[in-house]
Amino acid sequence: MSMNQPGGQRRIKRLLVANRGEIARRIIRTCRETGISPVTVFSTPDSSSPHVAEADAAIHLPGASAAETYLDIKRLIGAAERSGADAIHPGYGFLAENAQFAEACASAGLTFVGPPARVIEAMGSKLAAKKIMADAGVPVLPTIEIGPDILGAGQGGGDGGAGGATTPGDIEQSVVAQAEALGWPVLVKASAGGGGRGMRIVGEPGALVEAIRSAAREAASAFGDGTVFLEPYVVNPRHIEVQILGDAYGDAIHLFERECSIQRRHQKIIEECPSPAVDDMLRRELGDAAVRAAKAIGYVGAGTVEFVMRPDGSFAFLEVNTRIQVEHPVTEMVTGLDLVRSQLDLAMGCPIGPELRSATITGHAVEARIYAEDPAHDWQPSTGTLYTFDVPHPPGIRLDSGVESSSVISPYYDSMLAKVIAHSDTREGALALLASALSGARIHGPVTNRDLLVSVLTHPEVIEGRIDTAFLERFSPAELGSSPVKMDQVPVYALAAALAAQARRRLATKVLAGAPSGWRNNPTLPQIVTFDVESTLANRRGEPAGGGGEGAVGGAEVVMNGARGKTSEGGRSEVGKSGSGGDKIRVAVGYEFDRYGKEARLYAEEPGEPSEGPDSAADQGQGEAREPVDNMAYPPKLAVRDDLKFVSTSPDETLIEDAGLLARYSVGFAGGRIFVDGPAGSLVLTEADRFPSHEPGEDEIGSLQAPLPGTVTRVIASEGQEVEAGDLLLTLEAMKLEHEIRTPHGGIVTTLHVAVGDQVEAGAQLAVVSNENEDTH
Amino acid sequence: MPQVIKTRIDPSSETFQTNLEAMEEALGEVNEQLALTRVGGGERYTARHRGRGKFLVHERIELLVDPDSPFLELCPFAGWGTPFNVGASLVLGIGIVNGVECLISANDPTVKGGSSNPYTLRKTARGSDIAMENGLPSISLVESGGADLPTQGELFIPGGRMFRDLIQRSAKGYPTVALVFGNSTAGGAYIPGTCDYTVMIDQRSKVFLGGPPLVKMATGEESGDEELGGAEMHAKVSGLAEYFARDELEAISLGRDIIYRLNWRKRGPEPSLPADDPLYDPEDLLGIASADLRVPFDPREVIARIVDGSRFDEFKPLYGTNLVTGWASIYGYPIGILANHQGVLFSEEAQKATQFIQLANQVDTPLVYLQNTTGYMVGKIYEQGGIIKDGSKMINAVANSTVPQFTIMMGASYGAGNYGMCGRAYNPRFMFAWPSARSSVMGAAQLAGVLQIVARQNAESRGVKYDEETSEMIRKGVEDQILAEEKPLFLSARVYDDGIIDPRDTRTVLGMSLSVAHNAEVRGTQHFGVFRM
């Protein structure tokens, strides 16, 4: 029973936002503008999230995992009741496309801001949805349905539409033959699927049967329905979707397309409106198809019809997303509409208004999603404190952010931090504006995809509009995602960091704080600081950033490995530590202030691989005295950088004139790392310790000499025995106390000098345990 | 409201330019010598030292002190003009280690193996005095071949005070730390022996009374370096080493840790006044001191460029105007300043100084002396007016003053003026010279002239014909000798001051000196000798 009966308009007074992050804040914003009281929920890790502070009331859902918080229907309905809400907005992700939740809202007498449960239900089955669309005249890809048991995964061998073959071999042959008609490669998809699970790309006939079997098994275990189907795999398509709105009176309109072809692991990261590949005619065709689709299912509310589009402009239905999309702002920016407001209006039973019907596209909008993830390491999510989050938003830039400076990024949910949307007269203008806002952003803390976004937005192929869903397979994410700071710029960044660190130290010092920094009446060396570069740098070995792709269409695996879909958008549970570049770059810089501490001469060495630094020497140490040559790492060979002119520095900013150009470097210190944002991009550094940490050597742990005169009471070890560090070798009794003699390191017991009952003098050698190169007595 | 000094300097004037040229020339000469101290024993020995995987002496110090902290090197010109290297194979200075001002002394092993000569001894002794008077912890970076044997006659007996000083400082509560980088044998072994904390380095430190050959000679015992005095032996067996370091870096790091744990608190008061920069450009200091010592200059122009905010409240500005006295602050530390104006000190100036020194002692305010004096006035009316009485009062006050006193020789420092204005013999906590300074019993021309007059009188009294030509030659020779001996390098070489500084560094040097002095209690006295009225 839908609450949105024709004529049954009901006002929403208080809306429960059953979500978190930027979309919760986005919905709250519209509530504020429309006089609706927003309330929200929060999990334990989210207790200090911005959305909690911004709502009129917030209900704690104790727990951290999505399942016990934002996915718990009962608790959410309870929260709505407790807070006096009369409606629930599910946002996206979590329960946004969960028919049960829509149903539960209805049963509780709450308005669900979204389509009726039956629509969600109908669109949940891909096969069913395709059928409906095909019947309504929406272009769909040819489909071959494979029943759950057809390839012997189950008992009966029921007819799944693969023809009347009887023996397993025949069935297989028949399936392959039919697939042949689709053309290769073929996509195996689970009907109930999502998130890429139960999906396989098959490039040749021989692999098909096994792919179907495994997809079916995966689908059966994941969704309880092993039904899969085959369709032609469209190679490198564009992802085009159409925004639709339907009202409770059977009417539907569209608000143009969005192009979302730039994806990683089937998840969009950059979206735009309009699409550079869609002209007015195609726009009409797409729009008509989408409206037909909406009407065919009696769509109410805001939704999205997704299509794949081939290079020739032909398109086919993919699926309907029955929710507000992450990328809705691009539509809002070009139409000037508020889609959340439209959602609320439609949910309240209003008919589609005239402002929606007369909407037009003005200019061009592009959105980029900032994720806390590491493109160089398989998109591993990155967590921790976001010390600084500062995205410039001049006119034309919109920031929809779920976080603020000092937010903590927990591993429990989606790692999207914020969306930045640029609106300009032209596509080029919007791309440039967005790239500049992103590169000017100061994001300190977890690793993010910011540099990747900037690389993509400024990539020639993107600027020319030549994009498709395989873009990030053609171009290496590691390359695109690496810092745009070039190797030869690293020393300047290091100097900026060193000088700001210097300013911090001088401010904090209590003794002779007034003395000029690093003052010497007989100067010998500059102040020297060595940094490790945490960021992954581009073209370390001379390859241009973003150029020369790695393996175009590296094959099915590449696509499939990372396949992710809509259901995970908002509630993920992957945990990953932020990783960064494999081989570290180490750079030493120096600075020397004049006698007044005002001007400084700058020094740098060429950045390079860590050579024989103190650390590497310590690594090989293991019990052995370090080679004396370790001292030679200091002082590093520095050269005066006359091309760099020191201008000024403070604890959070350094100004350096680089070849006549004044460059401003913002420097942030947090969590033991130094975040430098400069004109060439951002770089994360750590300062190398001046002294290697002194790990307690074996000599400090123990010795195999008698600590005091006594009697040997037990001998546990025997000659030739292999022992590990800390193993008990023998015991001595002295002064009525038993003393344990343990080996400080592992090795072989080569000599035992004593036996039980022996009297030993203090300092007497008791045993020898060999230690690779040397003996320890 | 504190008075702010108004400047009358015109940097474009001919006088200023002449002064500037002279100062730059003198600075050039000094800096040339300073550069020599940085190359140690020269390229060959430096390369050999580094080849052994060892840090150079300055590198050790740079690693030891806090990043970006100031380091004031002391007595770098010790031994200048002698057969020994300038610097006397020792680097001495004040450095900040984990926020603690320490006296740091470090042998330069590239200079004759870091061995000590008579100038090394003077410099070491000076360091001891500084640590004792100002109550500083000290860190010795030891690597020395011991005494320069040919000069042992001048070293052995007085050298004993080195250990006495270390151990007396320990008793006073001024901790002593030795980082032993290499040899510290025979007598040198008592440096770690008498220090509170000793760090030794594996395979590097050698601390024994007698090495293997000596032991063999003495007792016939066969022995090796390591068992006689290696770091491991001392750390595990003899207990002479508190800490065992695997290499130099670790030793330096351990040294820093020791200071960190000293629970150090300065005994003097914190800076109490605003510490803003002077209003005027300190670069001008190069053109203020007169190129010609006979031309006086206004010390207020100097004060205006070294004190906080150029604020200076003059005391008795209308009385005894040849000596400027007044209150100011540097780095927020309150100070009283006595500065010579018109070279000569008369009775009025002497009395004014005496009173001012007493007042500073009354309120525990440190004193800074800016010297440019030719001495106390001579002549009938002055002698009869009691110039000796008044000069003695001033000397009485300076000698007995217990507030920290600091002296800068800007120009002339002649005769008893040197004493009255807190010359070396009066134990200023620190004393530095500008390259323009000159100090001797009197000016070279006067001295030579006096000798000539006396010689002529002698000749006449004996009825001998006075050979004016020879006399003129002798006079010239004497003048040249005195001219050389009154120069700051000559004085600094003998550790009669703590170094020659660039005039532009005066504020920093005095600020550091003041801060260092505040490690000890800052307390004036009312106990002076009997003033002859």
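Every chain is numbered from 1 and lettered A, B, ... according to where its sequence line falls, protein lines coming before strand lines.
- Contacts from residues 96-106 of chain B to chain A, taken as heavy-atom pairs separated by less than 4.5 Å, involve B/I96, B/G99, B/E101 in sequence order.
- Contact annotation for B/R507: neither backbone nor side-chain heavy atoms come within less than 4.5 Å of a heavy atom of chain A.
- The two atoms that bring A/Y634 and B/R50 nearest to each other are O-NH2, 3.0 Å, heavy atoms only.
- For A/F593, no part lies near chain B; criterion is any non-hydrogen pair under 4.5 Å.
- Heavy-atom pairs under 4.5 Å with chain A peak, among B/G332, B/A275, B/S69, at B/S69.
- Residues A/P516 and B/P70 come closest through the heavy atom pair O-CB, 4.5 Å.
- The candidate with the highest count of non-hydrogen atom pairs below 4.5 Å against chain B, out of A/N522, A/T509, A/T524, A/L512, is A/N522.
- In this structure, CG in A/L525 is found 9.0 Å from NE2 in B/H58, a value given to the nearest 0.5 Å.
- Interface residue A/Q527: only side-chain heavy atoms are found under 4.5 Å from chain B.
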Original post:
Is there a side chain to side chain contact (heavy atoms under 4.5 Å, CB included) between B/V509 and A/N521 once you walk through the steps?
Top reply: CA-CA 9 Å; B/V509 169; A/N521 55 336; 5.5 Å; no
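- Contact of the B/R38 side chain with the A/P523 side chain is registered, since non-hydrogen atoms from C-beta on lie closer than 4.5 Å.
- Without hydrogens or angle criteria, A/R690 side chain to B/L63 main chain gives a donor-acceptor distance under 3.5 Å.
- Both the backbone and the side chain of B/V65 come within less than 4.5 Å of a heavy atom in chain A.
- Contact of B/F71 with chain A is made through backbone and side chain together, with heavy-atom distances under 4.5 Å.
- No side-chain heavy atom of B/T508 sits under 4.5 Å from any side-chain heavy atom of A/R595.
- Atom CZ of B/R267 has more than 12 neighbouring heavy atoms from other residues, nucleotides or ligands inside a 6.0 Å radius.
- Neither the backbone nor the side chain of B/P271 comes within contact range of chain A; no heavy atoms are under 4.5 Å apart.
- Considering only residues two or more places apart in sequence or on other chains, A/A503 meets the side-chain contact (heavy atoms from CB on, under 4.5 Å) condition with A/T649, A/P651.
- Taking a cutoff of 4.0 Å between a charged side-chain nitrogen and a carboxylate oxygen, A/R520 and B/E62 qualify as a salt bridge.
- Using modelled atom types, no side-chain atom of B/D68 and backbone atom of A/S517 make a donor-acceptor pair closer than 3.5 Å.
- Between chain A and the options B/E270, B/M512, B/K266, heavy-atom pairs under 4.5 Å are most frequent for B/M512.
- By the ring-ring contact (aromatic ring centres under 6.0 Å, His included) test, B/F181 is found to be paired with no residue, residues two or more places apart in sequence or in another chain being considered.
- Every residue was checked against the ring-ring contact (aromatic ring centres under 6.0 Å, His included) condition with B/Y280, not counting sequence neighbours, and none meets it.
- A salt bridge links A/K598 with B/D277: at least one charged nitrogen is closer than 4.0 Å to a carboxylate oxygen.
- Separating the CG atom in B/L64 from the CZ atom in A/F691 is a distance of 7.0 Å, to the nearest 0.5 Å.
- Residues A/Y596 and B/P282 share a closest heavy-atom pair of CE2-CG, 3.5 Å.
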